[in-house]
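The structure under discussion appears below in the form of structure tokens.
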Amino acid sequence: MRLTHALVPTLKEAPADATSVSHTLLLRAGYIRRVGAGIYSYLPLGVRVLRNVERIVREEMDKAGALEVLLPALLPADYFRETGRWHLFGDNLLRLKDRKGSDYHLGPTHEEIITDMARREVHSYRDLPKNLYQVQTKFRDEPRPRGGLLRCREFTMKDAYSFDVDEERAKLSYEKMRVAYTRIFDRMGLSYRMVSADSGAMGGSGSAEFQVLVQSGEDFIAACGHCDYAANLEVAVTAEPPPAATQNKDGAPEKVHTPKAGTIEKVSAFLGASPDVFLKSLIYLAGEEVVMAVVCGNDEINEVKLAKALGVGEVVLASPDDVWRATGAKVGFAGPVGFKGKLLVDRAAKALPLGISGANETDYHFKNVQPGRDFEGEIVDIRSVRAGDPCPNCADGKLEVYRGIEAGHIFLLGTHYSEKMGATFLDDSGETKPVVMGCYGIGVSRLVATAVEQFNDANGILWPASLAPYQVAIVQLGSEPEVITAVAEVEAALEARGISVLVDDREERPGVKFKDADLVGIPLRVTIGKKSLERGGVELKPRTETDPKKAELVAVEKAPQTIADRVAALAKSLEPK
RNA sequence: CGGGGCGUAGCGCAGUUUGGUAGCGCGCACGGUUCGGGUCCGUGAGGUCGGCAGUUCGAAUCUGCCCGCCCCGACCA
């Protein structure tokens with residue numbers, strides 16, 4: 001492809017609304033353009049990268065025995081009504097009405113529709129197992145789209161659904177997908193971890209996220225540096241803390257006046273005490289019930305864990321009014337001593353010998369508060385793990401905390417959908433049973449942005465070879481006949497070998513061409529100009545090499561083979577183990 | 001949905017406080033110049049100042065309503 005015939009509108013300046021690296025670079029390098037909030041068009045380069053992601057995903061899904069289908073994006077409301085998700089999804093569902101006033105929506109995910117396919121077409125254990133997948137545009141009315149392609153309202157997703165005769169076989173299907181997913185992420189060269197995650201409202205028996213490790217990620221994950229333990233911070237746990245060092249049987253809490261000191265920071269400064277001896281006490285609403293959750297002053301309450309400990313779907317931090325009603329004090333002076341409602345105490349806070357807490361009286365705190373002596377509560381794990389915490393899985397490991405972007409998620413669903421929708425089969429003894437399901441998602445368009453988040457430098461994108469829109473970029477410098485001839489020769493020879501080439505044949509100054517080549521990020525750059533030819537050929541430089549002097553000089557006649565070898569080597573480096 | 005900010009040429013911005021009929025840089029077109037890391041000079045095209053209504057002799061500027069976008073938070077099978 002010649003740049004003079006292509007559409008690669010690069011920008012010197014980033015549009016003001018771009019914040020994330022991938023958003024900025026994909027806009028500047030001419031891959032995408034914004035159409036609305038969370039809605040993007042793909043320019044020719046963007047489509048080529050998207051197709052590369054799709055190709056890798058399809059190849060690995062096919063290899064794993066999954067069958068590609070295509071379900072509609074426009075859906076009648078009936079299916080989601082069957083499972084209750086017409087209401088559960090709330091405002092995230094993009095709803096519409098047809099001319100007759102019937103309810104429709106655009107599909108945010110397709111468990112119902114695929115389960116409908118299963119109940120129509122699968123009747124016998126002989127039809128199982130099956131794994132059906134699709135690559136399709138999904139729609140979610142995100143309350144806050146952000147980060148360009150990272151969180152969109154319209155996006156491309158690969159979703160797969162497995163159907164098995166029982167839990168045990170379903171786990172085999174799940175395991176196959178796990179392997180396929182590792183191959184997919186390996187082939188894109190991404191650094192990622194598979195982490196255990198909150199299965200949320202899906203109610204499944206297991207789930208794992210594939211988190212790409214980048215500093216700009218929205219998610220936090222904790223991973224052991226010693227073993228393979230890794231979990232989303234929402235569910236990450238640490239080893240049991242040692243029991244309390246001293247048990248001071250005597251003494252009693254001592255009330256101290258702490259005027260206007262409603263934060264741990266202020267009280268600790270006021271009393272000259274370290275925050276880690278504080279009993280941080282927060283009031284939550286779990287449905288109708290008011291509860292107090294107590295953790296160490298340095299710890300953060302993990303609301304997912306708290307909700308689980310309480311057996312509710314979610315907890316909400318109480319309003320100042322609720323806090324006043326529950327404790328009789330302003331926010332900042334709540335404490336477990338004398339609290340009459342339900343009390344949950346983190347096991348690390350329980351281990352504190354003597355702590356400082358609010359006195360449930362505005363402007364007062366208690367010193368010398370001892371868990372177990374001065375208050376009783378349910379002992380639970382409700383704190384978020386921190387970097388340096390001991391690994392729950394191995395003796396020597398310490399947990400590190402990373403940021404990640406969720407690029408894939410696999411679930412064991414069980415019979416949640418099949419039972420609600422009557423997707424059953426007859427087993428080998430003639431008994432009717434619900435099919436056991438799993439579902440497996442990959443954010444295809446999100447991966448385009450995620451790859452840029454991981455592979456970029458100050459000058460632009462550095463695509464992994466498997467995703468690059470073209471395999472080779474030829475920068476033509478000057479328009480002397482011998483230059484034009486050499487460019488055409490190399491271009492034709494590479495294309496004859498099946499290598500995709502983008503030739504910058506514009507009448508631009510060299511600096512402009514080099515800048516754009518770096519921005520666009522094609523992994524191999526071939527520079528051909530009068531000077532290179534005088535020196536004996538063409539210059540070959542990987543995008544990862546930032547020093548132009550380190551380019552390799554190759555004779556024109558040898559260039560196609562040498563370049564083809566380099567392309568092959570780059571591809572090989574991304575082969576999964 | 002709560003809090004904050006923004007909307008002026010394709011992009012980045014100034015002008016709004018104090019009302020007088022719109023400007024800069026990049027990009028684009030043309031001419032010249034330059035030519036291995038975003039040359040330099042000149043000429044030119046390009047704007048319903050987000051929309052509607054109002055105040056006024058006169059509105060990008062003041063008032064009201066609406067729309068859109070971004071950020072923080074809540075939310076995110």
Side-chain angles (χ1 to χ4, degrees), chain A residues 9-20 23-24 27-28 30 33-39 80 83-85 88-93 107-112 114 138-148 150-153 155 157 159 161 197-204 207 209 218-219 232 234 303-304 313-317 319 405-406 409-411 413 416-417 437-441 443 446 458-460 475-480 483 504 506-519 525 527-535 538-539 541 546-549 551:
Chain A
T10 56
L11 306 170
K12 277 189 183 174
E13 286 175 292
D17 54 9
T19 47
S20 70
H23 192 192
T24 303
L27 284 168
R28 283 193 56 213
R33 290 291 184 261
R34 192 182 66 79
V35 171
I39 306 171
F80 268 49
T83 60
R85 292 212 290 184
L88 268 179
F89 244 95
D91 288 337
N92 276 6
L93 205 56
T109 175
H110 281 70
E111 282 78 10
E112 284 82 353
I114 202 78
K138 295 282 191 274
F139 299 86
R140 294 181 191 179
D141 197 358
E142 290 284 348
R144 191 174 152 215
R146 71 189 98 171
L150 286 173
R151 181 174 293 284
C152 287
R153 295 196 292 172
F155 58 99
M157 179 171 171
D159 47 326
Y161 306 88
D198 183 24
S199 47
M202 298 297 294
S207 93
E209 293 172 349
E218 300 189 300
D219 291 339
N232 194 304
E234 289 177 349
E303 295 184 0
V304 171
E314 63 170 1
V315 292
V316 185
L317 197 57
S319 67
I405 296 174
E406 181 186 351
H409 204 157
I410 58 180
F411 287 94
L413 289 176
H416 181 79
Y417 291 92
M437 292 174 58
C439 74
Y440 316 93
R446 176 180 280 183
N459 295 318
V475 175
Q476 174 191 318
L477 297 183
S479 49
E480 292 82 357
V483 172
D504 191 347
R506 295 174 301 171
E507 287 183 30
E508 287 288 352
R509 294 172 55 83
V512 174
K513 296 190 172 195
F514 289 136
K515 286 288 184 192
D516 274 351
D518 284 349
L519 187 58
R525 188 179 90 191
T527 306
I528 305 178
K530 204 170 147 197
K531 292 193 181 175
S532 77
L533 293 176
E534 279 167 5
R535 286 205 291 268
V538 309
E539 288 156 18
K541 186 185 84 62
T546 51
D547 183 357
K549 291 190 212 73

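Just so it is clear: chains get the letters A, B, ... in the order the sequence lines come, proteins before strands, and each one is counted from 1.
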- Message: So if I define the base as every atom that isn't primed, P, OP1 or OP2, how would nucleotides 40-51 of chain B read as a B/S/- string at a heavy-atom cutoff under 4.0 Å?
- Response: ------------
With rounding to whole Å, what would you report as the distance between [N] and [M] at their [atom1] atoms?
{"N": "C6(B)", "M": "C62(B)", "atom1": "P", "answer": "12 Å"}
{"N": "U16(B)", "M": "G7(B)", "atom1": "P", "answer": "13 Å"}
{"N": "C40(B)", "M": "G25(B)", "atom1": "C1'", "answer": "16 Å"}
{"N": "U48(B)", "M": "G32(B)", "atom1": "P", "answer": "33 Å"}
{"N": "C30(B)", "M": "G12(B)", "atom1": "C1'", "answer": "25 Å"}
{"N": "A14(B)", "M": "G50(B)", "atom1": "P", "answer": "14 Å"}
{"N": "G47(B)", "M": "A22(B)", "atom1": "P", "answer": "13 Å"}
{"N": "G19(B)", "M": "U63(B)", "atom1": "P", "answer": "12 Å"}

Quick check for you: among [options], whose closest atom lies nearest to any side-chain atom of [X]?
{"X": "E142(A)", "options": "C76(B), C35(B), C69(B)", "answer": "C76(B)"}
{"X": "R525(A)", "options": "G37(B), G36(B), C70(B)", "answer": "G37(B)"}
{"X": "E539(A)", "options": "G36(B), A74(B), G37(B)", "answer": "G36(B)"}
{"X": "R146(A)", "options": "G37(B), C75(B), G38(B)", "answer": "C75(B)"}
{"X": "V512(A)", "options": "G38(B), G36(B), C76(B)", "answer": "G38(B)"}

- Message: Tell me whether R153(A) contacts the main-chain N or O of D141(A) through its side chain, where contact means a donor paired with an acceptor under 3.5 Å.
- Response: no
For [N], which nucleotide is its Watson-Crick or G-U wobble mate, given both distances must be under 3.5 Å?
{"N": "G27(B)", "result": "none"}
{"N": "G37(B)", "result": "none"}
{"N": "U16(B)", "result": "none"}
{"N": "U56(B)", "result": "none"}
{"N": "G47(B)", "result": "none"}
{"N": "G68(B)", "result": "C6(B)"}

- Taking it one step at a time, do Y417(A) and I114(A) satisfy side-chain contact (heavy atoms from CB on, under 4.5 Å)? CA-CA 10 Å; Y417(A) 291 92; I114(A) 202 78; over 6 Å; no
Within the 4.0 Å heavy-atom criterion, would you say [X] contacts the bases, only the backbone, or no part of the nucleic acid?
{"X": "R151(A)", "answer": "base"}
{"X": "D516(A)", "answer": "base"}
{"X": "R33(A)", "answer": "nothing"}
{"X": "S532(A)", "answer": "base"}

- Item | Given RNA chain B, 5'-ward residue of the pair E218(A) and R506(A), judged by closest heavy atom |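 Looking at RNA chain B, the more 5' nearest nucleotide goes with R506(A).
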- Task: Quick one: list whatever passes side-chain hydrogen bond (donor to acceptor under 3.5 Å, both in side chains) with T546(A), sequence neighbours left out.
- Result: none
- Task: For atom CD of E507(A), decide whether the heavy atoms of other residues, nucleotides or ligands shown that lie under 6.0 angstrom number more than 12.
- Result: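 For E507(A), atom CD is not crowded (no more than 12 foreign heavy atoms under 6.0 Å).
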- Message: For G27(B) and K12(A) - does any side-chain N or O of the residue sit under 4.0 Å from the phosphate oxygens OP1/OP2?
- Response: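 So the side-chain polar atoms of K12(A) do come within 4.0 Å of the phosphate oxygens OP1 or OP2 of G27(B), strictly under.
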- Query: Is the phosphate of U39(B), meaning OP1 or OP2, less than 4.0 Å from a side-chain N or O of R509(A)?
  - Reply: yes
- Query: D219(A) has an atom CG; how far is it from atom P of C75(B), in whole Å?
  - Reply: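 Checked: the CG to P distance equals 13 Å.
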- What integer distance in Å separates D91(A):CG from G2(B):P? 13 Å
- Go through the steps to decide whether K530(A) and L477(A) satisfy the test side-chain contact (heavy atoms from CB on, under 4.5 Å), and finish with yes or no. CA-CA 7 Å; K530(A) 204 170 147 197; L477(A) 297 183; over 6 Å; no
- Could you go through the side-chain contact (heavy atoms from CB on, under 4.5 Å) check for E234(A) and D219(A) one step at a time? CA-CA 9 Å; E234(A) 289 177 349; D219(A) 291 339; over 6 Å; no
- Query: Is R146(A) salt-bridged to E142(A), cutoff N-O under 4.0 Å?
  - Reply: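 The answer is no: the pair does not qualify as a salt bridge.
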- Task: Begin with the C-alpha distance, continue with both residues' side-chain angles, and end with the deciding distance and a verdict on side-chain contact (heavy atoms from CB on, under 4.5 Å) for I405(A) and R446(A).
- Result: CA-CA 9 Å; I405(A) 296 174; R446(A) 176 180 280 183; 3.9 Å; yes
- Determine whether R34(A) and P15(A) make a side-chain contact, defined as any pair of heavy atoms from C-beta on separated by less than 4.5 Å.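 No - every pair of side-chain heavy atoms lies 4.5 Å or more apart.
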- Message: Would you say that S20(A) contacts L150(A) through its side chain, given a criterion of any heavy-atom pair below 4.5 Å between the two side chains?
- Response: yes
Heteroatom pairs (N/O) under 3.5 angstrom, protein to nucleotides 10-13 of chain B:
| from | atom 1 | to | atom 2 | distance (Å) |
| --- | --- | --- | --- | --- |
| G12(B) | OP1 | A16(A) | N | 2.6 |
| G12(B) | O2' | E13(A) | OE2 | 3.3 |

